[in-house]
Number of protein chains: 4
Amino acid sequence: MAPAGGPGAKKGILERLKNGEVVVGDGSFLLTLEKRGYVKAGLWTPEAVVEYPNAVRQLHMEFLRAGSNVMQTFTFSASEDNMESKWEDVNAAACDLAREVAGKGDALVAGGICQTSAYTHHKDEARVKQLFQRQLDVFARKNVDFLIAEYFEHAEEAMWAVEVLKALGGKPVAATMCIGPDGDMHGVSPGECAVKLVKAGAAIVGVNCRFGPSTSLKTMKLMKAGLQAAGSKAHLMVQSLGFHTPDCGKGGFVDLPEYPFGLEPRAATRWDIQKYAREAYKLGVRYIGGCCGFEPYHIRAIAEELAPERGFWPPASDKHGSWGSSLNMHTKPWIRASARREYWENLLPASGRPFCPSLSQPDV
Amino acid sequence: MAPAGGPGAKKGILERLKNGEVVVGDGSFLLTLEKRGYVKAGLWTPEAVVEYPNAVRQLHMEFLRAGSNVMQTFTFSASEDNMESKWEDVNAAACDLAREVAGKGDALVAGGICQTSAYTHHKDEARVKQLFQRQLDVFARKNVDFLIAEYFEHAEEAMWAVEVLKALGGKPVAATMCIGPDGDMHGVSPGECAVKLVKAGAAIVGVNCRFGPSTSLKTMKLMKAGLQAAGSKAHLMVQSLGFHTPDCGKGGFVDLPEYPFGLEPRAATRWDIQKYAREAYKLGVRYIGGCCGFEPYHIRAIAEELAPERGFWPPASDKHGSWGSSLNMHTKPWIRASARREYWENLLPASGRPFCPSLSQPDV
Amino acid sequence: MAPAGGPGAKKGILERLKNGEVVVGDGSFLLTLEKRGYVKAGLWTPEAVVEYPNAVRQLHMEFLRAGSNVMQTFTFSASEDNMESKWEDVNAAACDLAREVAGKGDALVAGGICQTSAYTHHKDEARVKQLFQRQLDVFARKNVDFLIAEYFEHAEEAMWAVEVLKALGGKPVAATMCIGPDGDMHGVSPGECAVKLVKAGAAIVGVNCRFGPSTSLKTMKLMKAGLQAAGSKAHLMVQSLGFHTPDCGKGGFVDLPEYPFGLEPRAATRWDIQKYAREAYKLGVRYIGGCCGFEPYHIRAIAEELAPERGFWPPASDKHGSWGSSLNMHTKPWIRASARREYWENLLPASGRPFCPSLSQPDV
Amino acid sequence: MAPAGGPGAKKGILERLKNGEVVVGDGSFLLTLEKRGYVKAGLWTPEAVVEYPNAVRQLHMEFLRAGSNVMQTFTFSASEDNMESKWEDVNAAACDLAREVAGKGDALVAGGICQTSAYTHHKDEARVKQLFQRQLDVFARKNVDFLIAEYFEHAEEAMWAVEVLKALGGKPVAATMCIGPDGDMHGVSPGECAVKLVKAGAAIVGVNCRFGPSTSLKTMKLMKAGLQAAGSKAHLMVQSLGFHTPDCGKGGFVDLPEYPFGLEPRAATRWDIQKYAREAYKLGVRYIGGCCGFEPYHIRAIAEELAPERGFWPPASDKHGSWGSSLNMHTKPWIRASARREYWENLLPASGRPFCPSLSQPDV
């Protein structure tokens, strides 16, 4: 695989977005690998990249097949303050795995950093930036294609992250916060957050995690409006949960009583995600992916929904009939009868849980 | 890996069951690999074993790590009438993959056959038995450890299958039907079905697929009662869906409006499955696994629930704190507060879908 | 008003039922008058007949207008052991009110008795029968048209009641138990209960209260089958709750967590009751009414559903358009669009309560 | 009964509100009398005051017993354009009935007018005002204690109504709109509406009907804020639906698919209304009542919740134990166990309808 920018290289992330292309992100690593047996809930760290590389590689492959154009390094919470001495090997191995799989298709490698425990504990800017810098040093050495600062609750820490990443030069920086329509934990509105991130140097801004598809798009509307009002420009990016969370409070799904071991009934269908992809596209978002709970088939749903605009289908559509069309091969006539778009678009799926409510009261 | 029965061999399936040991089955292949991008819904055939062996191997590995003692060959619907010329390679490759992974732990290989389209179309006993015989020839050649005839709607066809498998000699035969408490498609009750399967030669009988955990256990109660009433003896086996289906009609989940692309809100939590494992155990069932929708973490939940009886934990419990105990490392106090059994046992998880009902009206 | 049986008298209850006519019962007194401010929950006694006769008269009038053919005396729990010295005045006043209103339409007066606290406490047959006899003496003096022994949890006490009522002679006796498909509190099945009641002398048997429309009809099916099996004959009668209770245990709605002050979301619509009336009719039940929660408009729904069979409409239909037809006068077009049977028959009404489940776990 | 303002007269509405007293309004007439058989849905006119005065009188009595301080004349939609020649008799009879019952307790008579069909059709100010004036002439002749202009979708028509009523002189005018947080049908916000009504001459302003308890209080918060921002002063009044409608659009419950014949599962419990009364009180609202679906026991719940502040209980509390205390007389121990505030405050009542969702999609 040629280094990004070299001869025969793939188009860079900004080149794609400036062309108006849709960039399909990837999906859930932590929660998905927890269910597969390779990540420990609560801890939520990615040592699997060194312990069980086959499992991580396989998940990257599934996202690639599903249509992802970005292989994000599985480096969530992999800063020194969370992983101690293991951190450096983890970051390096994560880059290698992402690059290996990216090389098998039209995907870029994005080095990812996220908020730190250090910020929460003491807000020491120098220390926090140093943590980011160390991860960045690995990303630089491994020559990732671009950088993502994601999952920030505080605009201030997100800005620090962008400033560090930006300083590398040459690599575009995307920044997403894990906030909802009510804004960050200090009361900074989504619109203000977006403007701050752009000022700090992000070329792509948006949200990831913590909130479900429709809530995340509400936040994106506010970010877009804030940028417009400020005359600020950036590409828009959304990577929502694969769970429905209309009942979330400000902190998002981590405050729901079901987090993290009872979220199953909230899981989005592929049809929910097609709707999300379409609405994100209409809103002008062009980098569309997912976060926790976003399984490979959800990514495929994005790629299929936007196939008409993009002009091609993802590889994994060789195992999927659009809008359920493969069901027309079924032996049961009532199943064949559902092999059509109207059926699945209008389905209101039952939970099979008559003793459970629709919504929860968040813990805080 | 020594061949089954050879020196240093693992204990056989019947040896385990006669000892009163719990045998943990494996889980979902078709639906899970559909979501990962390797199986086509509607068709539901396992050509992935030759097309994408890494993906299939990885899933076997996940079940092994989760505690499965059985690697079932991924040969569902892989008879000649469904797969044409590919059928033989698929059966052979599936055996090799199952054996390879089984060799990495304490698991046996089970060759699996299921109901045929041929039976539905013409009920020609010779033709149907020939289809079974051909798959069996591959299993014999590959020296699987035992045989499973599964997913039969009709007791008659299940008996034919058992008769064919039994004729091989030397390999124990398990047989499970995909029926609910109302019995098979010709009105044969669960108790009668169980008796018939034993008469045909099955040493292990039970149900798999089509119905959720609690419904499957209702059927098992009826099977057990039927066997007792007839003075018939067999080991009991249950491999339920990973979905809640209290609203199913006689045909099970394939008749629900949500089948197969809107089942998400019905997915069982790990706690639901611990309850299922406990109740199955109390009922005297000792071969406990899952079918469609049963993810690796569900299998882990069986192994963890019955760890006290078995005296050991599954490998994947290195990435799981029993009853959510790993959450006591979380930074948020209200999440730490949920790190206990009472919390998760009593949780009634919300669907996040206020416009959706709890139950569906089956299509038939 | 001429005394029943005198010249110009109305047709008696048995005459109507023998003719195959539908007899429409009345509905809820205790729960309805509790909401109107005249009955105390927990106590559930009918002193309102002497304290607030206008309120009771008005409710009788509403049922008469709705189509009731029976004015049941409001004497529930009005035996001496519940009401002490007031009991006699209450029974007498209740008869007068029922007779007064019955005289304004085609309705009969039924003197009603129900199970006693005495039975629960000591099962002294002589004492219990004496309590019934005292109420019966008042009914005899007031010349009610027939007698109803209702709301019995135990077949034994119900038989005692029927034996007492039967002894009067000349007045037909109806008997209904407050049981579900699981039978009475001593495990006597619905079929056996029905047979016992007929043997004791009841000409009309069935169920009232404790269970919702569909559950009550399940019990009626079992009663009917039991009578047929025993070669026993009786007219069938059903007076279900006006609440949906698919989640009730053996004790019925009194064991639900919502009893009695949170039952609102379970209230039946008029369309639910039309369905109930139709199904009761199809089952061969000809005395069809309601119990707790059965409001006047629910009774009207019975009378309207069976108007084609009966050949006439109830008086209150001057204020009701069949199947919502009056909505075609509404100014809003989407409301006019609902003025048709298909709309209301297929409506699945939302609860407006996203934090509440569909079903409850009964307390016992 | 002495005329209002005469010797020995009751305190007037403004005198009460200025003293900081809570004024308990009355509740539902149209929907409640529809269920009792005296009002026709769709038409929604009050000819029952002449046709069935006993039924109307009884309902007034129930509200009085429940604690209402206001007997509103049952003159909804009783203007000439809706009722033709009957209109004058209806208005007069309604006044007499309200006065008769008000005389039996501490209640005032309020003459009520509402929006006209005429406004919708042609917006002819002179014609619309003439319709109001004619009703007002009757109210003046009957010497009602104060006037209420209620159920206005448009601030403009509400202002016209207030201007007409105000012109009488000597009688205080209250004005409530049937709007939600999104404001009136022309986009006038709740705050602006309130200011306009005060400018037109209303001494009491607020909302009635169309929206459930919690939504109505949201609108009241906006009205209060609007008045404060404008330096405008008025007493606040709320008369919400007795139904939960979190899923309403701008038009309120008339646009829900369940309107008007499938609203049952949305009916508020008495505990829901106690919460509503408490929150209204905290917000500074002192005239607290109800509208459609608000049954007598709901009014009693307001009077009971605010009994500590008011220093007395409503008459109907002789038939109600506060917070379910009367259940401690019940024979079943688990029912006695619910005779406490915590139980009922925390109950999440089930709908008994597993095939129905929690929320609806409004028709518009």
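A, B, ... follow the sequence lines: proteins, then strands. Residue 1 opens every chain. Since this is a predicted model, take the numbers as computed values, not measurements.
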Is A337(A) close to chain B through its backbone or its side chain, or both, or neither, when contacts mean heavy atoms under 4.5 Å? neither

What part of F243(B) lies closer than 4.5 angstrom to a heavy atom of chain A: side chain, backbone, both or neither? neither

Check against side chain to side chain contact (heavy atoms under 4.5 Å, CB included), F261(A) and T269(B): CA-CA 7 Å; F261(A) 296 129; T269(B) 65; over 6 Å; no

Which atoms of L347(B) are under 4.5 Å from chain A, going by heavy atoms: the side chain, the backbone, both sets, or neither? side chain

What part of K35(B) lies closer than 4.5 angstrom to a heavy atom of chain A: side chain, backbone, both or neither? both

About how many Å separate CG of D318(B) and NZ of K40(A), when rounded to the nearest 0.5 Å? 7.5 Å

A339(B) versus chain A, heavy atoms under 4.5 Å apart: side chain, backbone, both or neither? neither

Are any side-chain N or O atoms of Y343(B) and backbone N or O atoms of P257(A), one a donor and one an acceptor, separated by less than 3.5 Å? yes

If we define contacts as heavy-atom pairs under 4.5 Å, which of L348(A), I335(A), N54(A) has the most with chain B? L348(A)

Report the option among K332(B), R336(B), H298(B), M61(B) that has the most heavy-atom pairs separated by less than 4.5 Å from atoms of chain A. K332(B)

Give the member of G42(B), A350(B), P296(B) that has the highest number of heavy-atom pairs under 4.5 Å with chain A. A350(B)

Nearest-0.5 Å distance, CZ of residue R36(A) to CZ of residue F63(B): 10.5 Å

Where on E258(B) is there a heavy atom nearer than 4.5 Å to chain A: the side chain, the backbone, both, or neither? both

Please determine whether the number of non-hydrogen atoms from other residues, nucleotides or ligands lying under 6.0 Å from atom CD of E342(B) exceeds 12. yes

Might you confirm whether atom NZ of K218(A) has over 12 heavy atoms from other residues, nucleotides or ligands at distances under 6.0 Å? no

Which heavy-atom pair separates C356(A) from P349(B) by the least distance, and what is that distance? CB-O, 3.2 Å

For R300(B), is it the side chain, the backbone, both, or neither that has a heavy atom closer than 4.5 Å to a heavy atom of chain A? side chain

Chain B shares the most heavy-atom pairs under 4.5 Å, among C248(A), G262(A), A66(A), with G262(A)

Using non-hydrogen atoms only, which part of N328(B) is less than 4.5 Å away from chain A: side chain, backbone, both, or neither? neither

Go through the atoms of T245(B) and report whether side chain, backbone, both or neither lie under 4.5 Å from a heavy atom of chain A. neither

Between S326(B) (side chain only) and A41(A) (backbone N and O only), is there a donor and an acceptor less than 3.5 Å apart? yes

Just give me the residue among G251(B), P314(B), A268(B) that pairs up with chain A most often, heavy atom to heavy atom, under 4.5 Å. A268(B)

I'd like to verify something: which residue of P260(B), G321(B), G324(B), S325(B) has the highest number of heavy-atom pairs under 4.5 Å with chain A? P260(B)

Report which part of Y52(A) has an atom under 4.5 Å of a heavy atom belonging to chain B: side chain, backbone, both, or neither. side chain

For the interface with chain A, which of H244(B), R270(B), R57(B) has the highest count of heavy-atom pairs at distances below 4.5 Å? R270(B)

Using a cut-off of 6.0 Å, state whether more than 12 heavy atoms not belonging to K104(A) lie near its atom NZ. no

How long is the straight-line distance from OG1 of T32(B) back to OH of Y297(A), given to the nearest 0.5 Å? 10.0 Å

At a 4.5 Å cut-off on heavy atoms, which part of R65(B) comes close to chain A: side chain, backbone, both, or neither? side chain

The interface call for L43(B) against chain A, heavy-atom contacts under 4.5 Å, is both

How many angstroms lie between CZ in F355(A) and OG in S358(B), if you round to the nearest 0.5 Å? 9.5 Å

About how many Å separate CZ of R266(A) and OG of S351(B), when rounded to the nearest 0.5 Å? 7.5 Å

Identify which part of P315(B) has an atom lying under 4.5 Å from any heavy atom of chain A, answering side chain, backbone, both or neither. neither

Approximate separation, where rounding is to 0.5 Å, of Y38(A) OH and E62(B) CD: 5.0 Å

Cationic N near anionic O, under 4.0 Å, R353(A) to D247(B): no

Chain A: which of P357(B), S360(B), A316(B) shares the most heavy-atom pairs with it under 4.5 Å? P357(B)

Worked verdict on E295(B) versus E264(A) for side chain to side chain contact (heavy atoms under 4.5 Å, CB included): CA-CA 12 Å; E295(B) 300 290 334; E264(A) 281 82 350; over 6 Å; no

